[in-house]
S.K.: 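I am attaching a structure below and will ask some questions about it afterwards.
As the structure is a computational prediction, the values presented were derived from the model and not from experiment. Throughout, protein chains are lettered first and strands after them, A, B, ... in sequence-line order, and every chain is numbered starting at 1.
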2 protein chains.
Amino acid sequence: MPQENSAAKVLHHLKQDILKGVFAAGHKLKMSALKERYKVGVNPLREALSQLVVMQLVQVQDQRGYRVCPVTQSELVDIYDTRARIESLCVGLAIVRGDDAWEAGIVAAAYQLQANADLLKADGDIQAWEQLHQQFHYSIVQGCGSKELLRVRLDLYEKASRYRNLWLQHNAGHGAFDVNQMEHEQLVKATLARDAELAKKLISQHIQVPSQVLRDLL
Amino acid sequence: MPQENSAAKVLHHLKQDILKGVFAAGHKLKMSALKERYKVGVNPLREALSQLVVMQLVQVQDQRGYRVCPVTQSELVDIYDTRARIESLCVGLAIVRGDDAWEAGIVAAAYQLQANADLLKADGDIQAWEQLHQQFHYSIVQGCGSKELLRVRLDLYEKASRYRNLWLQHNAGHGAFDVNQMEHEQLVKATLARDAELAKKLISQHIQVPSQVLRDLL
DNA sequence: TTTTAAACTAATGTCGAAATTTTAATACCT
DNA sequence: AGGTATTAAAATTTCGACATTAGTTTAAAA
């Protein structure tokens, strides 16, 4: 098993902590506090923070350390709008390029998501549901076959995570999940029917849902 | 004047050196050599390298240091294909959203590029020409108004730079510049006429040109 | 009371060196 | 000879300490 270095480990944990909201937007990331929390020295920490700066999750001020990037309404709208366009691009390409295995993967992921939806909803295990949800959407876009496009998509997904977690938190218990499930069925139907125009329209709307809700909240 | 730290300075220089081909694809980046070249300690170096890893210009192998990412034909094709699609997206949005100032900016940048093209071609100052070329295309896509989309575009542009420099090197002195100039005129015409479909088609083809040539070279 | 300056505290950024791991070179055995 | 174990050299990664800079409190002067 490849033993990754301290910087890689702290990067993973720190990133999750920021995305999950453990460190709120604008929070000052003091070296002493982070050293304490992750049990590492300053140098691995600085490496991890440097990487988070490139990912635009952390800001750096010269000689004044690091802080979590602020969240703004305009960035929220921009990210979700751009995500919708990129995901549309992926879906359109996947419909053109996807083969039998791709179709089978979609059906499998859709089944998994639906089968576990009620269970997880009852448990309140939103993270597990989000995992299946992500897997479902990935099974579709994966058919586009472009590593670069999929990476752009992933970057935007992660950048949206902080906002999405606010939404999940706000919408826990609401009927949004059932609407969500219906949208998924329509999307699968349009995708397998290779109806690119409809599928692109559906995925675009589906992605924008949290944005609509959160817009008034920020 | 904000004095940036060592890591930021070395990041800039090292990145340029990789993009310009000073360090070839696959080249091992030894700490001792980099320390010597950039006159800094190992820690700022590791911070810069960490950031280049996120930008996918450098690979890291645990306990085995860093090396410049390899270049492959499949990545070349993927990057240029994805760039064409993203740039199309930007152009389409800019045509819908662009205002008078946007139009004026395009005309100005196009004039600058054309006015200096012959001069720079004679001098062989390709870097200066590339600067104006980049400015010209940015003046168009800038009208899309989406920071996220423009950032994705910039990331892909930089990732393509290593391949583009191979192309510029290979095509110095050829008649490609004149063809290029004609494509620009058509693009400006279609864009200012707000003909989205034509402009998107033109920019997509324009971007793919180096890819076509390089495909056989790698 | 307000303003300015100075001293003190705390945090960041950098270097040199130690500890760990990989790479190579050499010797050894079948 | 071929392959394996041993040893030495080189490179990466991490820590501790120091210099530098920012932020805060205290004190003095207007």
Side-chain angles (χ1 to χ4, degrees), chain A residues 1-19 21-71, chain B residues 1-19 21-71:
Chain A
M1 182 153 103
Q3 46 177 6
E4 56 185 356
N5 59 19
S6 302
K9 275 183 287 194
V10 69
L11 169 64
H12 179 254
H13 288 131
L14 182 49
K15 184 174 167 185
Q16 291 306 317
D17 283 343
I18 290 173
L19 295 183
V22 175
F23 296 115
H27 185 267
K28 179 78 191 294
L29 295 165
K30 285 197 198 141
M31 289 296 171
S32 50
L34 298 180
K35 261 172 60 177
E36 175 72 20
R37 182 177 177 91
Y38 301 108
K39 310 291 180 194
V40 292
V42 291
N43 295 46
L45 263 177
R46 288 182 63 86
E47 286 179 35
L49 287 165
S50 296
Q51 302 197 53
L52 290 168
V53 169
V54 178
M55 298 178 197
Q56 299 194 310
L57 293 175
V58 166
Q59 283 181 337
V60 57
Q61 288 178 287
D62 233 77
Q63 311 287 357
R64 285 182 225 181
Y66 300 86
R67 62 177 58 238
V68 181
C69 279
V71 297
Chain B
M1 182 157 98
Q3 48 178 11
E4 56 186 357
N5 60 18
S6 301
K9 275 183 286 195
V10 70
L11 169 64
H12 178 254
H13 289 131
L14 182 50
K15 183 174 168 185
Q16 291 305 317
D17 283 343
I18 290 172
L19 295 182
V22 175
F23 295 115
H27 185 267
K28 178 79 191 295
L29 295 166
K30 287 200 197 131
M31 289 297 170
S32 50
L34 298 180
K35 259 172 63 174
E36 174 72 19
R37 181 177 179 90
Y38 302 108
K39 312 291 182 193
V40 291
V42 291
N43 297 50
L45 262 177
R46 289 182 62 85
E47 286 180 34
L49 287 165
S50 296
Q51 302 196 56
L52 289 169
V53 169
V54 178
M55 298 177 197
Q56 299 194 312
L57 293 174
V58 166
Q59 282 180 337
V60 56
Q61 286 179 287
D62 234 77
Q63 310 288 1
R64 288 183 218 183
Y66 299 86
R67 60 178 59 238
V68 180
C69 279
V71 298

S.K.: Would you mind reading off the distance between B:N5 atom CG and C:dT14 atom C1', rounded to a whole angstrom?
M.R.: 10 Å

S.K.: Measure the shortest side-chain to side-chain distance between B:V58 and B:R67 over non-hydrogen atoms and say whether it is less than 4.5 angstrom.
M.R.: no

S.K.: Not counting sequence neighbours, which residues clear ring-ring contact (aromatic ring centres under 6.0 Å, His included) with B:Y66? List them please.
M.R.: none

S.K.: With sequence neighbours left out, write down each residue that passes side-chain hydrogen bond (donor to acceptor under 3.5 Å, both in side chains) with A:Q59, or none if nothing qualifies.
M.R.: none

S.K.: Sort me out a list of protein N/O and nucleotides 7-12 of chain C N/O pairs below 3.5 Å, or just none if empty.
M.R.:
{"from": "C:dT12", "atom 1": "OP2", "to": "A:M31", "atom 2": "N", "distance (Å)": "3.4"}

S.K.: What is the distance, to the nearest angstrom, from the CD atom on B:E47 to the P atom on D:dT13?
M.R.: 14 Å

S.K.: For B:K30, what residues pass the side-chain contact (heavy atoms from CB on, under 4.5 Å) criterion, not counting sequence neighbours?
M.R.: B:K28, B:S32, B:A33

S.K.: Mind checking side-chain contact (heavy atoms from CB on, under 4.5 Å) for A:E36 and listing every partner two or more places apart, or none if nothing turns up?
M.R.: A:K39

S.K.: Output every pair passing salt bridge (Lys or Arg N to Asp or Glu O under 4.0 Å) with a member in residues 47-57 of chain A, not counting sequence neighbours, ordered by first then second residue.
M.R.: A:E47-B:R46

S.K.: Can you give me the N/O atom pairs linking the protein to nucleotides 15-18 of chain C at distances under 3.5 Å, or say none if there are none?
M.R.:
{"from": "C:dC15", "atom 1": "OP2", "to": "B:G41", "atom 2": "N", "distance (Å)": "3.0"}

S.K.: Less than 3.5 Å apart, which donor and acceptor atoms pair up between the side chains of residues 8-17 of chain B and the rest of the protein, not counting sequence neighbours?
M.R.:
{"from": "B:H13", "atom 1": "ND1", "to": "B:K9", "atom 2": "O", "distance (Å)": "3.3"}
{"from": "B:K15", "atom 1": "NZ", "to": "B:E158", "atom 2": "OE1", "distance (Å)": "2.8"}
{"from": "B:K15", "atom 1": "NZ", "to": "B:E158", "atom 2": "OE2", "distance (Å)": "3.2"}
{"from": "B:D17", "atom 1": "OD2", "to": "B:R37", "atom 2": "NE", "distance (Å)": "3.2"}
{"from": "B:D17", "atom 1": "OD2", "to": "B:R37", "atom 2": "NH2", "distance (Å)": "3.2"}
{"from": "B:D17", "atom 1": "OD2", "to": "B:Y38", "atom 2": "OH", "distance (Å)": "2.6"}

S.K.: Rounded to whole angstrom units, what separation is found between the CD atom of A:E4 and the P atom of D:dT13?
M.R.: 13 Å

S.K.: Mind checking side-chain hydrogen bond (donor to acceptor under 3.5 Å, both in side chains) for B:Q51 and listing every partner two or more places apart, or none if nothing turns up?
M.R.: none

